[in-house]
Protein chains: 2
Amino acid sequence: MELRQLTSLVALEESGFNVTLAAKQLFLVQSAVSQHLAQLEQELGTQLFMRKGKRLIGLTAAGEQVLNYARQALAIRENILDVGREHVEEGSGLLRIGTTHTQACYVLPAVIRAFRKQFPQVNLQINQGTPQQLVELVVTDRVDFSICTEELGEHSTLTAIPCYRWNRSLIALKGHPVLSEKPLSLERICNYPLITYTFGFTGANHMQTTFARAGLQPNVVLTAADTDVIKTYVREGMGVGLIASMAYSPDLDPDLETRDLSHMLPWETTWVAYHKDKYLRRYQKRFIDLLEQMILDNGATKLTEES
Amino acid sequence: MELRQLTSLVALEESGFNVTLAAKQLFLVQSAVSQHLAQLEQELGTQLFMRKGKRLIGLTAAGEQVLNYARQALAIRENILDVGREHVEEGSGLLRIGTTHTQACYVLPAVIRAFRKQFPQVNLQINQGTPQQLVELVVTDRVDFSICTEELGEHSTLTAIPCYRWNRSLIALKGHPVLSEKPLSLERICNYPLITYTFGFTGANHMQTTFARAGLQPNVVLTAADTDVIKTYVREGMGVGLIASMAYSPDLDPDLETRDLSHMLPWETTWVAYHKDKYLRRYQKRFIDLLEQMILDNGATKLTEES
DNA sequence: ACTCCTTACGGAGCACGTAACTATA
DNA sequence: TATAGTTACGTGCTCCGTAAGGAGT
């Protein structure tokens, strides 16, 4: 058994059991990958693949198990290579982050600015995706870690660290009647058409249940995955926005006004998560530190101060 | 990086950083292993070994990390091979057990008898050792699992399952005055010279603290790692034996008599432990089941009935 | 007809063994 | 001097690529 055979197995699965495609991704010809797979099956003495004639269409039970172990083995290889890189190219390398739009635009910039100052030689790569995609990315080691508010805490293969807590603000065009509501309550907010995050993003579901428990039916006229879209439609006059507080900036949004809603809506925790068996290089650990540190400096509510 | 290079690394460490010896164990010549190690270092770009001239005398920090990952990688390879074996040679294979003398002689025979009936094709290999050695054996995958009373529960890389609980009996030659003591108490036992298990074996330390807490100083004239030795010296008239209850059998020991001490000495739990990332073949799982099951059938106290 | 996988075959590269050299104890 | 490790070099194996053949869509 060779690592290269396991590599082919993983690539095969990731290419939807298309040997040709897998080979391309590995910069090999089909026949090479085909041989790897045949060799594996021969050595193990078991069918690993379900076939339709010559075509591979899936894995057998044994194949699933082997694939699982193959992934682990390749992850370990990466760890070993990272140990090497850490000593050779100390302070330089690649940092691959997966995150949502909101984090990427409104939270990470400050963190990344500080990080770049400490590690100017580290190349950054930000992958944007849905929370589900972010889990997938970090589980398959296509990013070093993912940062977002949902999903991350629940996966057993991930180590998830709470970074900071946040809540929501209401935004509206200056002069909008909602801004004059006193006191501002959930009931009153429900009298206006609302624009907020799509289910599965940025704590939207969490918020929804809060309304439901209060017996309220908010009139959500539009949902979006990212804050900029919400702002855009608030500016269009389509309604009142409910966004993460850190996504409002008086400089960038001089035409909008906010009201803090943290006393009436649930607090959210943003997590950073990485694969629990992953070797973390020094700069990767530092980045996580900064994530917590920077938020603290900015005066946002840090987790440890709560509870 | 190739698995074979990692194999050489692990073999090197296990042979005390003697390349020649490592090569022999791998059925290779020195130069081959030497090259593997050189290749690894070159690919990682880092010193992995501390050297004294040409001789390797230990690992650098990086080397330690790589070794650790190498072990994991090789364990995964074994898992994959086991998946294959499970499907090819179903019901046959090798079962490597590590255990202490007492378990091997007085508990396992019945389990193994039942196991052999179900899996006559599985070869058995029993490795005897101290609890510390048993941990080492199972951590380095030189046995499939270890069975004993100490140590196993405390290692994070092991999955330890409580099998059954037991306590001690006193044994003495027929007619020995201790057998007439009524009621039999810890104090009275302390009036006789005692023979029991060596510290670190079969719950000896646990028992010792019980005496100490009662303010008693037992007169232990001899300790031994296994029960047969204890019986031998009891027969010599050297003193009174304190042994695991299951180690007495009226058939084998017609010249000895016992008194149950379970009301005055602490209960012990015997564990079976295997490496937590290990793939368990069907017959290996079955064996663990049997361990619990057989003890129940024999009327011994099963864990779940307690507490 | 096109795509996809397998098999056969050849060349380049590499892994291991032999052996000579170097260094440690 | 004996033991241990590195380096050089040759041979045989193997890995990948080319190419031809069969199987599915």
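Each chain gets a letter, A, B and so on, in the order its sequence line appears, and its residues count up from 1. Owing to the predicted nature of the structure, the values given are computational and were not obtained by experimental measurement.
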Euclidean distance, atom [atom1] of residue [X] to atom [atom2] of [N] [Å, nearest integer]:
{"X": "A:Arg4", "N": "C:dG13", "atom1": "CZ", "atom2": "P", "result": "16 Å"}
{"X": "A:Leu37", "N": "D:dC16", "atom1": "CG", "atom2": "C1'", "result": "14 Å"}
{"X": "A:Leu3", "N": "D:dT14", "atom1": "CG", "atom2": "P", "result": "18 Å"}
{"X": "A:Leu28", "N": "C:dC5", "atom1": "CG", "atom2": "C1'", "result": "16 Å"}
{"X": "A:Glu2", "N": "D:dC13", "atom1": "CD", "atom2": "P", "result": "17 Å"}
{"X": "A:Gln30", "N": "C:dC2", "atom1": "CD", "atom2": "C1'", "result": "14 Å"}
{"X": "A:Gln42", "N": "C:dT7", "atom1": "CD", "atom2": "P", "result": "10 Å"}
{"X": "A:Glu43", "N": "D:dC15", "atom1": "CD", "atom2": "P", "result": "11 Å"}

ask   = More 5' along DNA chain D: B:Leu21 or A:Gln35, using each one's nearest nucleotide?
value = B:Leu21
note = Result for 5'-nearest mapping on DNA chain D, choosing between A:Arg55 and B:Arg55, is B:Arg55
Calculate, to the nearest 0.5 Å, the distance between atoms [atom1] and [atom2] belonging to [X] and [Y] respectively.
{"X": "B:Gln72", "Y": "B:Asn79", "atom1": "CD", "atom2": "CG", "value": "11.5 Å"}
{"X": "A:Leu137", "Y": "A:His275", "atom1": "CG", "atom2": "NE2", "value": "13.0 Å"}
{"X": "B:Arg96", "Y": "B:Arg142", "atom1": "CZ", "atom2": "CZ", "value": "10.0 Å"}

What is the nucleic acid contact for [X], judged by heavy atoms within less than 4.0 Å: base, sugar-phosphate only, or nothing?
{"X": "A:Phe17", "value": "sugar-phosphate"}
{"X": "A:Gln39", "value": "sugar-phosphate"}
{"X": "B:Val29", "value": "base"}

Using OP1 and OP2 only, check whether a side-chain N or O of [X] sits under 4.0 Å from [N].
{"X": "A:His36", "N": "D:dC16", "result": "yes"}
{"X": "B:Asn18", "N": "D:dG5", "result": "yes"}
{"X": "A:Arg51", "N": "D:dG24", "result": "no"}

query = Which nucleotide in the set D:dC15, D:dG17, C:dC16 lies at the smallest distance from any side-chain heavy atom of B:Ala32?
reply = C:dC16
inquiry  = Tell me whether B:Thr270 contacts the main-chain N or O of B:Cys148 through its side chain, where contact means a donor paired with an acceptor under 3.5 Å.
reply    = no
key: Donor-acceptor pair (no angle test) under 3.5 Å: A:Ser31 side chain, D:dT18 base   = yes
task = State whether A:Asp82 and A:Arg77 are salt-bridged, where the test is any N-O pair (Lys NZ or Arg NE/NH1/NH2 against Asp/Glu carboxylate O) under 4.0 Å.
result = no
